[in-house]
Amino acid sequence: MFKCGGWFAIAGWPVKPSVDRVVGAKLHSIRVTAGYSPEGVATVLSLSANDVEKMEAGKKRISASQLFALASHFDVPVAAFFDRREATP
């Protein structure tokens with residue numbers, strides 16, 4: 001498997017990124033746009049900055065309660081973290 005522009009390819013066939021990766025990328029985008037560091041988001045969620053970085057990379061899942069807290073904190077709808085066209089279940 002190798003990365004090919006935001007998508008991944010297995011044996012030459014493109015594969016959509018997982019929902020965890022899409023939600024993490026959206027978190028990163030929203031965080032940067034709002035001017036927050038990973039440490040600032042970590043404070044909101046009572047986690048470490050390392051945990052936030054893992055969430056943004058799609059290596060650690062974001063729970064529903066964490067997603068709700070983030071949406072409330074950044075004043076965006078929960079749906080802002082999803083893009084159905086980009087992810088696979």
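These figures come from a predicted structure and were not determined experimentally.
Residues Ala71 and Val78 come closest through the heavy atom pair CB-CG2, 3.8 Å. Residues Ile62 and Leu67 come closest through the heavy atom pair CG2-N, 3.8 Å. Closest non-hydrogen pair, Val52 versus Pro38, comes out as CG2-O, 3.8 Å. The two atoms that bring Ala49 and Ala42 nearest to each other are N-CB, 3.6 Å, heavy atoms only. Here the closest non-hydrogen pair linking Ala57 and Arg21 is O-CG, 4.0 Å. Residues Ala69 and Leu45 come closest through the heavy atom pair CB-CD2, 4.2 Å.
Residues Leu47 and Met55 are in side-chain contact: their nearest non-hydrogen atoms beyond the backbone lie under 4.5 Å apart. The shortest distance between side-chain heavy atoms of Ser48 and Asp51 falls below 4.5 Å. Side-chain contact between Phe82 and Val22: absent, with no pair of heavy atoms (C-beta onward) separated by less than 4.5 Å.
Taking CD of Glu53 as the reference point, atom NZ of Lys59 lies at 10.5 Å (rounded to 0.5 Å).
Residues meeting the side-chain hydrogen bond (donor to acceptor under 3.5 Å, both in side chains) test with Ser37, sequence neighbours left out: Glu39. Partners of Tyr36 by ring-ring contact (aromatic ring centres under 6.0 Å, His included), not counting sequence neighbours, listed by chain and number: His73, Phe74.
Val41 and Phe68 end up in the same hydrophobic cluster when Ile, Leu, Val, Met, Phe, Trp and Tyr side chains are linked at under 4.5 Å.
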